[in-house]
2 protein chains.
Amino acid sequence: MSERVDRFLPGRGLKTTRQRQAVVRVFLHSHRHLSAEELHSRVRAVYPRIGYATVYRTLRLLVEAGLAEERQFGDGRARFESALHKGHHDHLICVKCGRIAEFENPRIEELQATAARRRGFKVRSHKLEIYGLCPQCR
Amino acid sequence: MSERVDRFLPGRGLKTTRQRQAVVRVFLHSHRHLSAEELHSRVRAVYPRIGYATVYRTLRLLVEAGLAEERQFGDGRARFESALHKGHHDHLICVKCGRIAEFENPRIEELQATAARRRGFKVRSHKLEIYGLCPQCR
DNA sequence: GTTAGTGCAAAGCCTTTGCATTTGA
DNA sequence: TCAAATGCAAAGGCTTTGCACTAAC
């Protein structure tokens with residue numbers, strides 16, 4: 001899995017810059033559901049001259065390479081998460097404190113696939129989000 | 001159900017203006033998954049002096065009153081749909097042509113509720129979106 | 001007659017882009 | 001060397017807000 005990261009730049013004819021290395025390393029070692037702003041400020045601790053544009057551009061590269069996934073949780077800014085270590089999963093989002101939990105349910109996945117197939121859709125991806133109150137906030 | 005619409009303004013101490021009447025009427029009679037821009041241009045056919053701000057403000061009122069639901073399908077602009085005539089449903093979105101289909105699956109709903117409950121969440125709402133190719137585009 | 005609502009334009013956010021400068025291969 | 005990448009600032013797209021004017025109650 002780490003090879004995939006090491007090779008995704010040279011393998012696509014892209015240059016391995018210090019900035020990209022910093023962004024990727026910090027991204028992979030951060031908590032999930034990171035916003036671009038959070039990532040930028042974390043990378044700045046390691047590489048102070050990093051600019052927003054580079055963070056956004058690198059995130060886009062990661063998404064295009066399938067190494068990251070972009071999500072919209074409705075607060076207007078995108079969140080990114082590594083697609084490396086874990087398979088597909090869904091989200092439980094606390095509407096009060098913003099905490100995000102994850103879960104997986106193969107049965108739901110199956111039913112989704114069936115529902116789509118029945119309507120003639122060829123599934124490419126899907127997302128399921130449940131909004132509510134987390135144990136701490138209810 | 002129409003009473004709910006007629007009363008939602010006066011019942012909250014809000015004024016029933018021509019603009020709001022026009023926006024609500026057009027909104028309720030339009031296809032689902034309407035963007036603010038689409039709604040604005042449709043309302044303008046009925047009330048040419050309507051401004052964007054009024055459309056946005058009225059949409060917000062409808063959402064707060066529970067008469068409309070706001071959704072993000074990932075293209076950066078919100079879509080709105082009436083919450084009046086139909087119960088909860090999920091979406092199939094064509095990544096090529098943008099066509100949006102709807103479906104319902106009570107079994108999926110149940111499994112979602114169970115998954116949330118098991119993790120101590122009190123569900124308030126949820127959304128399930130499947131992205132792929134529609135029958136015409138595949 | 002008051003107070004809330006409207007329309008316009010300006011401002012806010014998040015994200016992308018243009019461009020001169022820097023840097024990896 | 002030299003095209004690609006960076007950083008800054010400016011621009012873009014959607015949405016909200018400030019404010020003087022208008023209209024509902």
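Each chain gets a letter, A, B and so on, in the order its sequence line appears, and its residues count up from 1.
- Against DNA chain D, the stretch residues 38-49 of chain A makes heavy-atom approaches under 4.0 Å through A:Y47, A:R49.
- For the pair A:L9 CG and D:dA3 C1', the computed distance is 16 Å after rounding to whole Å.
- Legend: residues meeting ring-ring contact (aromatic ring centres under 6.0 Å, His included) with B:H91, ordered by chain and number and at least two apart, are B:H33, B:F73, B:H89.
- In this structure, A:R117 has no side-chain hydrogen bond (donor to acceptor under 3.5 Å, both in side chains) partners at least two apart in sequence or on a different chain.
- With rounding to whole Å, B:R12 atom CZ is found 11 Å from C:dG5 atom P.
- The nearest whole Å value for the distance from the CZ atom in A:R71 to the C1' atom in C:dC14 is 19 Å.
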Problem set entry | Test side-chain contact (heavy atoms from CB on, under 4.5 Å) applied to B:L67 and B:F8, step by step | CA-CA 9 Å; B:L67 294 169; B:F8 104 97; 3.5 Å; yes
Ignoring hydrogens and angles, write down the donor-acceptor pairs under 3.5 Å from the side chains of residues 22-30 of chain A, residues two or more places apart or on other chains.
residue : atom : partner : partner atom : Å
A:H29   : ND1  : A:R25   : O            : 2.8
A:S30   : OG   : A:V26   : O            : 2.6

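- B:L62 places none of its side-chain heavy atoms less than 4.5 Å from the side chain of B:F80.
- Under the salt bridge (charged side-chain N to carboxylate O under 4.0 Å, His left out) criterion, the residue pairs touching residues 58-75 of chain B are B:E69-B:R71, B:R71-B:E81, B:D75-B:R77, B:D75-B:R79, with sequence neighbours excluded.
- For residues 118-130 of chain A, the side chain to side chain donor-acceptor pair (under 3.5 Å) pairs, not counting sequence neighbours, are A:H88-A:H126, A:E109-A:H126, A:Q112-A:H126, A:E129-A:Y131.
- Placement of B:I100 and B:V95 within a single hydrophobic cluster is found when ILVMFWY residues are connected by side-chain heavy-atom separations under 4.5 Å, directly or transitively.
- One end of the helix from C:dG1-D:dC25 to C:dA25-D:dT1 points its axis 30° away from the other end's axis, with each axis taken from 5 pairs and the angle rounded to 10°.
- Under the rule for a side-chain contact (heavy atoms from CB on, under 4.5 Å), the partners of B:Q19 that lie at least two apart in sequence or sit in another chain are B:T17, B:Y47, B:I50, B:T54.
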Problem set entry | Reading 5' to 3' through nucleotides 15-25 of chain D, protein heavy-atom contacts under 4.0 Å coded B for base, S for sugar-phosphate only, - for none | BBBB-----BS
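- Looking at residues two or more places apart in sequence or on another chain, you find a ring-ring contact (aromatic ring centres under 6.0 Å, His included) between A:Y52 and A:H40.
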